[in-house]
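As the structure lists them, so they are numbered: ligands from 1, and atoms in each ligand from 1. Count residues from 1 along the sequence.
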Amino acid sequence: MSSAATSSVPASRRKRVVLLGATGSIGENTLRVLAAHRDKLELVGIAARANWEKLAAIARQFGVRHVGVFDDAAFAAARANAAAFPAGTRLVGGLAGLTELAQLPAADIVLVAVVGTTGLEPALAALAAGKDLALASKEILVLAGKFVMAEAKKRGAKLLPVDSEHNAVFQCLEGHPHAGVRRIVLTASGGAFRDWPAERLAHVTPADALKHPNWSMGPKITVDSATLANKGLELIEAQCLFGVRAEQCTAVLHPQSIVHCLVEFTDGAMLAQLCPPSMTFPIQHALLHPERAPGVDPALDFTRLLGLEFRPVDEGRFPMLRLAKETMAAGGVAPAIYNAANEVAVAAFLDGVIPFLAIPRVVEHTLSRVKNSEPSSVAAVLAVDAEARRTAAAQLGAAR
Ligand code: MG
C-alpha cells in the first residue's frame, strides 16, 4: 500500500491544493473545507467542465491564479471574459489544460473530482510529477487501478481516498499489518428504493431515482446508489486500493449512513469508522492527512437517540451488486466494461429511453459480449471502454 509513504510537505507551510472538479458537489464541499482551514491549506489551481462563471467566483474568493476549463466552448467564453478572473490568472483549456494543472509545480496535492473518465490522465500525470493524489472520481481506479497503484508506488506518492467508504477503510487500516485483514465491509444506504417492493421498481421514474435519502449528490451517482452500482464500483475500487482479493470485499445495507465501513481482522475483531453523512469529513481527512483539525460540520450527537441498523443485501433485488462481484472475480478489463455499460444505461434511463430495471440487463449483456483481457496499457483500457459503450448503446433498443 502506497499510503504508508510519508508526506513531502514541511509542517511549516500550507499544503497547496489543486482541485479538478471545483464546481460539482465534491468541489463545493472541498471549498468549505479549504475556507475553514486557510491556515493549513492553500488553493492554487481549479478546473471544471464548463461553468467558468463559478470558476471565476472561486478564483476571486480564494485568490487562485491557475484555472482550467475542460469544455472548448466554455474555455473560449472564459478567455473572452478574462476580466472576471483575478489579474494575472492563467487560463488553460481541454484535457491538456487539466493535465497541466495536475502537474503544477506549486502544488503538493491534487484532488480529482471530475466526472467520468476525464480525470484519468490528469490523475496519472499528478502521480508522475510526484504529487499526492486525493481521489474522488470512481472511474480512475475502476478503469486503471493497476496503473495508478503502480505509479503511486514508483513515485512514493500518497494516494488518499476521498469517497466516504474508502476514506473510512483507509482510516481503519492505518497502523495495521495487511496480513491481519480478513474482510472489508462497505456500507450501503440502499438508495432511494431501499424499502420499495420489487414490483414497484418496474415503474420507477428518473425523478423518483433522484431522491436520495441521506446524501445530496449529482444525478448519475444518485441513480447508481438506487441500483447499488455505486456500491459495486466501490467494491472494485476497494479491492484495488487496499490490495485484497475479490472475496475479501463485501457490502452490507446500513440505512443511516453513519458507519462508512467495517474492517474485520483475522481474530474476528472489527474496526468501524463513523461520522455524519457529509463529504466534508472524508475530504478534510484526505487533504490534511496525517493532521487532524476541527471539522466543518457538527460531529455525531450522542445526547440524541442514534440507532444503527445493518441488513444483508438482497442481490436478487440489486443485480448490479451481483454483477460487480462477478466483475471483480473476472478481473482484467471487466470492471471497465461494467462501468462503461452502466454509464450508458444510466444516461438512457435519465433520458427516459429505458426503464429502471433495464439498467442491469444492459450491463449484463455488455459484459457477456465484450471480450475480457488483461490490459497492457491505459490506452488498451480506454479502447475497451469505447467498445463497451458502443455495445451497450446498441443494446438500448432491445432493453426498452
Ligand atoms: Mg461512497
Side-chain angles (χ1 to χ4, degrees), residues 21 24-30 33 111-116 119 123 133-143 145 148 159-173 184-194 209-242 244 249-263 272-287 297 308 310-311 313 318 320-321 324-325 327-328 335 338-339 342-343 346:
S25 135
I26 296 283
E28 284 172 7
N29 282 304
T30 303
V33 170
L111 197 163
V112 181
V114 293
V115 175
L133 184 64
L135 262 188
S137 308
K138 294 205 160 58
E139 291 79 4
I140 293 172
L141 287 179
V142 170
L143 264 77
V148 171
L159 231 172
L160 295 147
V162 169
D163 205 351
S164 57
E165 295 82 356
H166 305 90
N167 182 270
V169 174
F170 181 96
Q171 294 193 45
C172 289
L173 287 178
I184 291 173
V185 184
L186 304 186
T187 56
S189 69
F193 313 127
R194 182 182 59 224
L210 294 181
K211 287 181 206 135
H212 193 282
N214 301 346
W215 297 94
S216 161
M217 305 176 291
K220 158 74 167 53
I221 188 169
T222 304
V223 174
D224 283 350
S225 293
T227 62
L228 288 202
N230 183 53
K231 208 52 50 183
L233 292 168
E234 289 180 356
L235 290 176
I236 295 166
E237 274 184 286
Q239 179 191 11
C240 164
L241 205 45
F242 303 113
V244 292
C249 300
T250 187
V252 66
L253 278 187
H254 167 52
Q256 292 82 12
S257 297
I258 299 287
V259 175
H260 302 287
C261 82
L262 300 129
V263 173
Q273 189 268 359
L274 290 75
C275 67
S278 163
M279 287 307 293
T280 59
F281 291 97
I283 290 167
Q284 176 168 319
H285 174 271
L287 291 182
D297 287 308
L308 299 176
F310 298 94
R311 302 184 215 158
V313 183
F318 293 107
M320 286 304 290
L321 196 69
K325 288 186 174 175
T327 293
M328 285 165 80
Y338 174 94
N339 174 67
N342 180 56
E343 268 188 36
V346 170

(message) Could you measure the distance from the CD atom of Q256 to the CZ atom of F310? Nearest 0.5 Å is fine.
(response)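 The distance works out to 7.5 Å.
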(message) Quick check: closest heavy atoms across V114 and G21, and the distance to 0.1 Å?
(response)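 Shortest heavy-atom separation between V114 and G21 comes out as CG1-N, 3.6 Å.
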Determine which of the N, O or S atoms in [X] is closest to the Mg ion (ligand 1) and give its atom name.
X	answer
E165	OE1
E234	OE2
D163	OD1

(request) Look at the rings of H285 and F170 and say which category their plane angle falls in: under 30° parallel, 30 to 60° tilted, over 60° perpendicular. (result)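 Taking F170 first and then H285, their aromatic rings stand perpendicular (interplane angle over 60°).
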(request) Kindly indicate whether the side chain of T250, heavy atoms from C-beta on, has any atom under 4.5 Å from the side chain of K325. (result)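 Side-chain contact under 4.5 Å: yes.
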